[in-house]
Amino acid sequence: VHAQKQRMDDIEDIVGLGEERGEGEAQRQYVLPKRSRKVGEGKTGEAPQVQSFVPGTTAIFIRTWGCSHNNSDSEYMAGLLATHGYQITTNPDEAVLWILNSCTVKTPSEDTFNNAIRDALGAGKKVVVAGCVSQGQPKGTMVKGLSVVGVHQIDRVVEVVEETLQGRTVRLLAKNKQSKAGAQLALPKIRKNPYIEIIPINTGCLNQCTYCKTKHARGDLGSYPSAEIVKRVEQVLAEGVVEIWLTSEDTGTYGRDIGEDLPSLLEKIVAVLPPGVMLRLGMTNPPYIQEHIKAIAKLMQHPRVYSFIHIPIQSASDAILAAMKREYTQGDFCSIVDYLQEEVSDITIATDIICGFPGETEEDFEETYELCKKYEFPSLFINQFFPRPGTPAASMERVDPKLVKTRTKRLSELFKSYLPHEHKVGQEYEVLVTDTSTDGNYFVAHNKAFDQVLLPKRPDLMGKSVRARITSTGKWFLMGEVIEESIQKAPSRPSIANQPHMQASSTTGSSASMHQVTGKLSSMTWWHHLIIAVFLLVSIDLVRWVFL
């Protein structure tokens, strides 16, 4: 009975029957996008009214909020649309349709997402929403009446876009039938940065954190087979990628659902990495990294793996951690950090803190403050608690907002009070150049510890591994000068310049651009699409003339 009810809910979400419309709001058709029908398969429902429409001739703007997993999803959607002839633009004004890929971790992110929907509709744009907000709250007020691409259905974005451009609303929220992990990794992609490939290794998680809304959207753990991940790595290496990020909601849980594990995956990836390429591991929660701590420490000593790891503690109070259902203690976290710092030279450990979780006393906060003071994390993400609708924490009694702000300010001031990189002045590092600074004045490189190293903008540096001497440091960066002889010794990699480029959406709404169409590119040119479209339109008119 429960399964039947769930299925009916899914159908209601997809078809959108019975949704109330605002006064004066145009009535839309709600349809399921067409899939290839097997011979003998019957039709269901009435055929939607056919309108004059030429696929693949529209400019599309994509904006993304949230984690690197979300960014990877946007890159895949951009790649799929580009292979079908759509122009991916960084200019929202010239776009006919906006895809807004949302994050549900924080209330401010969701508020900005909602404002973007208002802006798009106010500007007369077609809108498709994606990401965790629309997946977790498909009946929410702001996404009502809008087309939705679910987090497990990004490989069907072209169908959703084409239906939306024809004035219909489509909602795809079900799990991917081919894979628990989601869409295939080998799909086409337009990268925000042509030198960096973000590879999701799994989706969902095993936790039941009382404050987290992401679980509602991404669901339970679903891992990609290691063979598929390694194949993707080999594919992007051939395209000139020099830096690979492994991402998921919790990388430490990788493989538990398919009989594999994270250390084994990392060993397989490292085995195919050539000189001049670096691997970065994404966020992992303490319980799951603890099981593999020795193997992870050993792998982080490898010359082609960044000595960087993100392990969120959220609170140093065991009482608050229990209320959060985090499944570890302060002692567990400290043992992990102590071991990694002892075993991995110059490792960078990043962590997260939530200030003002319901029930947090002054003593609880002091424990958190003292832990941050002890370790002086070079990367510390400090967040005020925001109740997320539908989570257990949302119904808990909140700490006075003024007190939360005071604690957040105090912790932020502690973080600002120390300079984590001062001792690195005069040191020499092998660094990998992959990006340009926000102000456009420097190239951005990273050393083994994933410190941000700013270098002079020289065309012969981008995409290369060179040696740099640190001349000064700031809170967030190291300033470096290139040791000239290292440029000639830099490993040779396939040229990005020989790969197709195109403009695409900024993931932050800024002027940054995405590049590099990758994967299984369509062999059809624009005029192929045009011929097919004209043929279809003529055929439709002929059918109307014959039967009407």
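- No more than 12 heavy atoms of other residues, nucleotides or ligands sit less than 6.0 Å from atom NZ of K325.
- Remark: the backbone N or O of G282 is paired with a side-chain donor or acceptor of T251 at under 3.5 angstrom.
- Looking at heavy atoms from C-beta onward, L266 lies out of side-chain contact with V305 at the 4.5 angstrom threshold.
- With respect to the salt-bridge test (charged N to carboxylate O, under 4.0 angstrom), the residues E343 and K294 do not qualify.
- At a threshold of 4.5 Å between non-hydrogen side-chain atoms, the residues F365 and R410 count as touching.
- Checked against the 6.0 Å centroid threshold, W476 and F415 count as a close aromatic pair.
- At a threshold of 4.5 Å between non-hydrogen side-chain atoms, the residues S315 and M324 count as touching.
- Closest approach of R388 to A394, counting heavy atoms only: O-CB, 3.4 Å.
- Using a 4.5 Å cut-off on side-chain heavy atoms (C-beta onward), Y328 and Q290 make no contact.
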Trace of the side chain to side chain contact (heavy atoms under 4.5 Å, CB included) decision for Y288 with I311: CA-CA 10 Å; Y288 306 109; I311 312 173; over 6 Å; no
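- Considering all non-hydrogen atoms of both residues, T391 and T210 come closest at CB-O, 3.2 Å.
- Counting heavy atoms from C-beta on, the side chains of V344 and I309 never come closer than 4.5 Å.
- In summary, R407 and E362 engage in a salt bridge, as defined by a charged side-chain N under 4.0 Å from a carboxylate O.
- F381 and H310 have tilted rings, their planes meeting at an angle from 30° to 60° on a 0 to 90° scale.
- Nearest approach of T434 to N193, heavy atoms of both residues: O-ND2, 2.8 Å.
- S72 contributes no side-chain N or O that, together with a main-chain N or O of H69, makes up a donor-acceptor pair within less than 3.5 Å.
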Worked check of salt bridge (Lys or Arg N to Asp or Glu O under 4.0 Å) between E75 and R191: CA-CA 5 Å; E75 292 178 354; R191 300 189 190 97; 5.6 Å; no
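- In terms of modelled atom types and a separation under 3.5 Å, the side chain of K448 and the main chain of H302 share a donor-acceptor contact.
- The two residues I154 and V149 come nearest to each other via the heavy atoms CA-CG1, 3.7 Å.
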Stepwise side chain to side chain contact (heavy atoms under 4.5 Å, CB included) check, V241 with I196: CA-CA 6 Å; V241 163; I196 299 174; 6.0 Å; no
L246/Y254 under side chain to side chain contact (heavy atoms under 4.5 Å, CB included): CA gap, chis, key distance, verdict: CA-CA 11 Å; L246 301 183; Y254 170 78; over 6 Å; no
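- Each of T253, N285, L221 was compared with N207 under the side chain to side chain contact (heavy atoms under 4.5 Å, CB included) criterion, and only N285 meets it.
- Contact of the L165 side chain with the K126 side chain is registered, since non-hydrogen atoms from C-beta on lie closer than 4.5 Å.
- Contact annotation: the side chain of M283 never approaches that of S248 to less than 4.5 Å [non-hydrogen atoms, C-beta and beyond].
- At a threshold of 4.5 Å between non-hydrogen side-chain atoms, the residues I99 and V161 count as touching.
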T112/R63 under side chain to side chain contact (heavy atoms under 4.5 Å, CB included): CA gap, chis, key distance, verdict: CA-CA 11 Å; T112 309; R63 186 175 178 186; 3.8 Å; yes
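- Relative ring orientation between H446 and Y306 is described as perpendicular, the plane-to-plane angle rising above 60° on a 0-90° scale split at 30° and 60°.
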